[in-house]
Amino acid sequence: QYSSPSFSNVVVNVALINAEQDVANAKDGYSASVVYSTKQLYLALAADSNSLIASNKLATTPVDDTDILRAVARVVTGPVVLGAMYETYDNGTVDEDGFLGSVQWNLSSDWALKAQYVQSDMIHNGNTSTSIGADYKLSKATKVYGYATKIDDERATVASRADDTY
């Protein structure tokens, strides 16, 4: 992997993923990203091609012509941190996408409230997740985390759904 020196807060990362010799007709892949980072703003665009993620997202064999693109943003405005991510996945047969948005409000140096919403067609179509949470700093080296998450699963058959709250 190569990471460029930072130039005006921009870093470019590039990695070549060599094809496995024991996989017939496997192609080399690549991973690349461009990152802009300051204390108040983080922006990143990353792309992967011919990655080790198969259409079922659980296999470990490469799938040729698999393209993944991610865009990430984080903005810090005083005590509030806003975050967002958008991702696309395309292997020539399956074309999926997802996004998330998050907010953190630092109430004090010890307390932070958090919320996150995710909508994704990755793995299963129509999934959404909503989370709220809080962090409390007990000491310089110790934090307590608490959260609640609601998952809505829109799979076609009720038996395969994973609607849950925890």
Side-chain angles (χ1 to χ4, degrees), residues 1 3 6 9-13 15 17 29 31-49 51-60 63 66-91 94-166:
Q1 175 179 333
S3 294
S6 180
N9 301 314
V10 175
V11 175
V12 176
N13 304 289
I17 305 164
S31 182
S33 66
V34 176
V35 178
Y36 174 82
S37 183
T38 66
K39 282 186 173 186
Q40 290 78 29
L41 182 63
Y42 177 91
L43 301 171
L45 185 63
D48 296 308
S49 182
S51 68
L52 287 176
I53 301 173
S55 61
N56 69 4
K57 312 293 186 299
L58 301 175
T60 56
V63 176
T66 298
D67 296 317
I68 301 170
L69 182 66
R70 288 180 194 94
V72 179
R74 183 190 74 225
V75 177
V76 179
T77 58
V80 177
V81 180
L82 302 172
M85 182 181 81
Y86 176 76
E87 178 179 49
T88 65
Y89 170 90
D90 184 4
N91 70 0
V94 177
D95 185 5
E96 301 167 329
D97 64 356
F99 69 88
L100 75 82
S102 65
V103 62
Q104 174 179 312
W105 182 19
N106 297 308
L107 297 172
S108 68
S109 61
D110 294 333
W111 281 99
L113 299 178
K114 298 178 177 183
Q116 177 175 279
Y117 176 78
V118 180
Q119 184 283 320
S120 178
D121 291 333
M122 310 282 180
I123 301 176
H124 304 294
N125 288 332
N127 286 348
T128 62
S129 170
T130 306
S131 300
I132 58 169
D135 298 352
Y136 179 70
K137 185 176 179 180
L138 293 172
S139 69
K140 191 172 187 177
T142 308
K143 272 190 185 179
V144 175
Y145 302 93
Y147 70 92
T149 297
K150 170 79 170 119
I151 297 173
D152 293 315
D153 185 344
E154 298 298 324
R155 283 185 267 185
T157 61
V158 173
S160 65
R161 290 186 183 163
D163 289 345
D164 210 353
T165 302
Y166 54 94

Between the side chains of [X] and [Y], does any donor sit under 3.5 Å from an acceptor?
| X | Y | result |
| --- | --- | --- |
| N9 | S37 | no |
| N127 | S120 | no |
| T88 | D97 | no |

[atom1]-[atom2] distance between [X] and [Y], expressed to the nearest 0.5 angstrom:
| X | Y | atom1 | atom2 | answer |
| --- | --- | --- | --- | --- |
| L107 | L113 | CG | CG | 4.0 Å |
| D121 | F99 | CG | CZ | 10.0 Å |
| D90 | L69 | CG | CG | 11.0 Å |
| K150 | Y117 | NZ | OH | 12.0 Å |
| I151 | S129 | CD1 | OG | 5.0 Å |
| Q116 | I132 | CD | CD1 | 12.5 Å |

Worksheet entry | Distance-minimising heavy-atom pair for W111 and A134 |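 Where W111 meets A134 most closely, the heavy atoms are CZ3-CB, 4.3 Å.
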Worksheet item: What are the two closest non-hydrogen atoms of T149 and S131, and how far apart are they?
Response: OG1-OG, 2.8 Å
Response to the item:
Per side-chain contact (heavy atoms from CB on, under 4.5 Å), S33 is matched among N13, D48, L45 by N13
Worksheet item: Can you check side-chain contact (heavy atoms from CB on, under 4.5 Å) on V35 and Y42, steps first, answer last?
Response: CA-CA 7 Å; V35 178; Y42 177 91; 3.5 Å; yes
Worksheet item: Side chains of V75 and V80: does their closest heavy-atom pair fall under 4.5 Å?
Response: no
Fill in: side-chain contact (heavy atoms from CB on, under 4.5 Å) partners for V81, two or more places apart
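side-chain contact (heavy atoms from CB on, under 4.5 Å) check on V81 returns R74, V76, Q104, N106.
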Worksheet item: Excluding sequence neighbours, so at least two apart, what forms side chain to side chain donor-acceptor pair (under 3.5 Å) with T38?
Response: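 By the side chain to side chain donor-acceptor pair (under 3.5 Å) rule, T38 matches no residue at all.
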Worksheet entry | Of all pairs that satisfy salt bridge (charged side-chain N to carboxylate O under 4.0 Å, His left out), the ones with a partner from residues 106-116, not counting sequence neighbours | K114-D135
